[in-house]
Amino acid sequence: MSRILVVAGIALIALSACSSTQVVPVEPIDGVISGQCHTDMVRGAVGLAASPGTVERARVDSDSLGVSVVRGQRDRNAATPADSTSSGGGHLTIEVGATNNITALRCG
């Protein structure tokens, strides 16, 4: 009986170690974030899940000082592309759809 409890305890500890989500700090390639947002380097994120790691990587790769994730608020009938504001400002806004996938990126 005690053998079963020991095995169950070890299994519980192993499973709990796997379940914690940790966001590893992301460093810019050149070591500096300029604070001038641009989406040209992060367009590939459209369609990916907006996990904390993906959002932080997009912030760093876009050279943005801040990032916010919002549910899709863009007028879908508008003729402007999804990334109409591709540069400027120090903030990246990531729009997500109903399934938490990234649908648009814009600076502002």
Side-chain angles (χ1 to χ4, degrees):
M1 180 69 170
S2 64
R3 200 175 212 179
I4 293 172
L5 291 176
V6 169
V7 171
I10 292 171
L12 181 62
I13 291 170
L15 288 175
S16 66
C18 295
S19 68
S20 62
T21 302
Q22 297 177 353
V23 177
V24 177
V26 180
E27 296 293 325
I29 292 172
D30 60 359
V32 178
I33 294 178
S34 71
Q36 287 299 311
C37 176
H38 50 88
T39 60
D40 57 340
M41 297 300 287
V42 293
R43 287 185 182 155
V46 173
L48 297 177
S51 68
T54 302
V55 168
E56 180 62 11
R57 178 87 253 172
R59 182 192 68 79
V60 170
D61 288 351
S62 69
D63 268 348
S64 301
L65 297 174
V67 64
S68 29
V69 178
V70 296
R71 292 281 170 212
Q73 299 170 347
R74 186 176 300 275
D75 179 9
R76 297 299 174 201
N77 296 324
T80 58
D83 59 346
S84 61
T85 310
S86 61
S87 64
H91 192 84
L92 175 68
T93 301
I94 299 176
E95 286 188 18
V96 296
T99 57
N100 201 39
N101 60 314
I102 298 172
T103 58
L105 302 159
R106 67 178 184 270
C107 296

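For the side-chain contact (heavy atoms from CB on, under 4.5 Å) criterion with H91, the lone passing option out of C37, S64, S68 is S68.
No side-chain heavy atom of D63 sits under 4.5 Å from any side-chain heavy atom of Q36.
Here the straight-line distance linking atom CZ of R106 with atom OG of S62 works out to 13.0 Å at 0.5 Å rounding. The distance from atom CG of L105 to atom CG of D40, rounded to the nearest 0.5 Å, is 11.0 Å. Taken to the nearest 0.5 Å, the CZ atom of R59 stands 7.5 Å off from the CG atom of L65. Interatomic distance, CG of L92 versus OG1 of T39, reported as 8.0 Å (0.5 Å rounding).
For the pair G72 and E95, the tightest heavy-atom approach, listed with the atom from each and the gap, is CA-OE1, 3.7 Å. Here the closest heavy-atom approach between residue N101 and residue G47 is recorded as CB-O, 4.0 Å.
Of the possible donor and acceptor atoms, one in the side chain of R71 sits under 3.5 Å from a partner among the backbone N and O of G97.
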